[in-house]
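Here's the structure, in structure tokens; my notes come after.
Predicted model, so just to flag it, every value in this text is computed and none were measured. Count residues from 1 along the sequence.
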Amino acid sequence: MRKTILFSSVIVLVTGACLLLGFTYSIPDEEKQQGLTGLFDVSKQGEIAYVQYEKGKPTLYVKSDRVSRVAQLPADQSILDLTIMPDRKTILYVTSDKELNEDSNSTLHQVNIESGEDEILFTREAIVMEIVIDPKDENQLFYIQADRFSPYSPGASLYPYDFDVHSYQLKNGEHHQHTDLNKYSMASLQVSSEDDSIYIQMDDDADSETEDQFFETKGRVFKIPIANPDRQLVISIPEDTQDLYDFVLIPDRSELIYQAVAGTNSEGTYEYELFSYNWDSQSIHQLTELHAYAGYPIYGADGKVYFMVDQQFGERRPDHALYKMNPDGSDVEVISLEESR
């Protein structure tokens with residue numbers, strides 16, 4: 001009797017497991033994405049806008065005294081970047097296809113945080129990767145645009161390249177292209193609050209001529225004057241410093257906080273941490289030791305550095321969490337985005 005009951009129980013458990021697996025694998029791939037992404041912005045007053053997937057649908061939230069859902073897209077779309085407008089009432093965000101194809105384009109949205117009213121400002125026959133409001137003119141939006149797509153390998157998804165910096169006037173709808181570099185990659189666009197220039201991360205390959213020389217170039221931070229974009233200035237940093245990726249300038253401390261590879265874990269996966277470089281002391285310090293993927297630093301008006309961490313970097317599904325710390329790397333803490341929802 002006991003054997004019969006045990007055998008029956010095993011059958012029930014196996015059948016249940018099979019049904020669960022069948023249900024899991026019957027879910028379309030585009031609906032399996034879940035959780036926080038690396039996209040976020042912090043306003044001068046401390047509001048946090050961020051994107052997370054809900055059953056594959058990219059969903060835009062804002063956290064202030066409470067958490068509010070602002071917009072949600074279909075599962076076949078993606079949000080590429082976002083920025084909170086200075087009026088604190090609206091968010092600009094750019095969308096495109098989740099899987100890029102030769103017909104993909106980018107659309108800039110303006111959504112009202114309270115009402116959810118969503119207006120399309122423009123659509124480009126290209127991929128807009130990053131957007132930044134000029135701190136000197138809230139009606140001027142700068143953005144990085146990629147004009148071409150190519151697969152890493154036959155049959156693979158397309159990826160964007162041929163990057164340049166453009167701007168868009170919110171009042172009159174005019175676009176301007178400010179650089180003609182056709183870069184393989186550009187990232188971490190920032191607009192100066194002091195003069196008419198931009199800062200951007202890209203490879204320092206101006207003097208490279210051979211394939212080996214291009215391969216050995218390092219990612220650096222450049223300052224580009226808007227009026228004379230050919231006069232690019234590499235931000236001074238020791239030549240033997242490894243590649244720099246995402247970065248943020250801390251003007252009142254004469255510092256640059258940037259992302260770089262700190263080492264590898266036991267499985268050989270790169271670990272990305274945040275570092276600082278001080279121009280006065282010419283010293284470099286590692287700020288985080290999270291043994292994961294720390295990146296996307298933003299300097300808040302409260303004097304804190306906000307950044308995202310993917311604890312499952314290199315794994316099939318990411319596991320992002322939002323952190324903040326002092327510019328010297330002290331008081332690192334996780335920011336809860338769920339507490340008020």
Side-chain angles (χ1 to χ4, degrees), residues 38 40-44 46 130 132 134-136 142 144 165 185-207 216-226 231-264 270-310 313 321-335:
F40 76 102
D41 191 26
V42 181
S43 74
K44 290 184 178 179
E130 294 187 19
V132 180
D134 187 341
K136 304 179 298 299
F142 282 85
I144 300 175
V165 178
S185 66
M186 280 183 170
S188 230
L189 174 64
Q190 295 178 46
V191 183
S192 174
S193 60
E194 300 175 350
D195 55 32
D196 290 329
S197 60
I198 58 173
Y199 295 87
I200 198 161
Q201 185 275 350
M202 55 187 184
D203 287 339
D204 187 10
D205 57 8
D207 298 325
E216 292 175 357
T217 59
K218 294 182 178 180
R220 289 291 182 258
V221 177
F222 289 77
K223 181 177 182 179
I224 302 177
I226 297 299
R231 298 189 62 182
Q232 305 165 27
L233 174 66
V234 181
I235 300 300
S236 176
I237 197 164
E239 290 185 5
D240 59 349
T241 304
Q242 66 269 54
D243 283 308
L244 277 67
Y245 300 105
D246 299 319
F247 74 94
V248 66
L249 299 173
I250 315 293
D252 53 344
R253 292 174 60 91
S254 298
E255 282 186 353
L256 170 74
I257 292 180
Y258 62 92
Q259 179 200 55
V261 174
T264 59
Y270 285 123
E271 296 178 342
Y272 291 79
E273 304 285 0
L274 295 181
F275 298 76
S276 68
Y277 175 71
N278 185 283
W279 286 287
D280 292 337
S281 63
Q282 298 185 351
S283 58
I284 292 176
H285 295 286
Q286 182 173 335
L287 303 179
T288 64
E289 294 186 16
L290 298 170
H291 304 287
Y293 184 97
Y296 318 114
I298 292 178
Y299 187 47
D302 58 356
K304 299 286 188 176
V305 177
Y306 294 76
F307 59 101
M308 277 286 182
V309 176
D310 181 3
F313 179 67
L322 182 61
Y323 283 66
K324 67 178 179 179
M325 66 180 178
N326 292 324
D328 63 2
S330 63
D331 296 333
V332 179
E333 60 179 295
V334 180
I335 301 173

Shortest non-hydrogen contact between [X] and [Y], atoms and distance:
{"X": "Phe247", "Y": "Gln201", "value": "CE2-N, 3.7 Å"}
{"X": "Ile257", "Y": "Ser276", "value": "CG1-CB, 4.1 Å"}
{"X": "Asp243", "Y": "Arg220", "value": "CA-NH1, 4.2 Å"}
{"X": "Asp246", "Y": "Tyr293", "value": "OD2-OH, 4.5 Å"}
{"X": "Trp279", "Y": "Ile235", "value": "CZ2-CG2, 3.1 Å"}
{"X": "Leu274", "Y": "Gly295", "value": "CD2-CA, 4.2 Å"}

Could you tabulate the donor-acceptor pairs under 3.5 Å formed by side-chain atoms of residues 324-332, not counting sequence neighbours?
residue: Asn326; atom: OD1; partner: Lys304; partner atom: NZ; Å: 2.8
residue: Asn326; atom: ND2; partner: Ser330; partner atom: OG; Å: 2.9
residue: Asn326; atom: ND2; partner: Asp331; partner atom: OD2; Å: 3.0
residue: Asp328; atom: OD1; partner: Ser330; partner atom: N; Å: 3.0
residue: Asp328; atom: OD1; partner: Ser330; partner atom: OG; Å: 2.7

* Nearest 0.5 Å please: distance from the CD atom of Gln190 over to the CG atom of Asp134. =>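 Result: 12.5 Å between the selected atoms.
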* Asked: Atom CG in Leu322, atom CZ in Phe307: separation rounded to 0.5 Å?
  ->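 Leu322 atom CG to Phe307 atom CZ measures 8.5 Å (nearest 0.5 Å).
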* Can any side-chain N or O of Glu273 pair as donor or acceptor with the backbone N or O of His291 at less than 3.5 Å? ->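 Side chain of Glu273 to backbone of His291, a donor-acceptor pair under 3.5 Å: yes, one is there.
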* Any donor-acceptor pair under 3.5 Å from Glu130 side chain to Leu189 backbone ->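 Yes, Glu130 side chain to Leu189 backbone: donor-acceptor pair under 3.5 Å.
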* To do: Verify whether the ring centers belonging to Tyr272 and Phe313 lie closer than 6.0 Å.
  =>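 Yes, the ring of Tyr272 comes within the 6.0 Å limit of the ring of Phe313, centre to centre.
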* Asked: Which residues satisfy the side-chain hydrogen bond (donor to acceptor under 3.5 Å, both in side chains) test with Ser192, sequence neighbours excluded?
  ->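 By the side-chain hydrogen bond (donor to acceptor under 3.5 Å, both in side chains) rule, Ser192 matches Asp195.
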* side-chain contact (heavy atoms from CB on, under 4.5 Å) with Ser281: which residues, sequence neighbours excluded? ->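 With sequence neighbours excluded, Ser281 shows a side-chain contact (heavy atoms from CB on, under 4.5 Å) to Asn278, Ser283, given in chain and number order.
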* Report, as yes or no, whether the 6.0 Å neighbourhood of atom NZ on Lys44 holds more than 12 heavy atoms from other residues, nucleotides or ligands. =>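 It does not: Lys44 NZ has 12 such atoms or fewer within range.
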* Asked: Quick check: are there more than 12 heavy atoms from other residues, nucleotides or ligands sitting under 6.0 Å from CD of Gln242?
  ->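 It does: Gln242 CD has more than 12 such atoms within range.
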* Tell me, do Val309 and Thr288 make a side-chain contact under 4.5 Å, heavy atoms counted? ->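 No, side chains not in contact.
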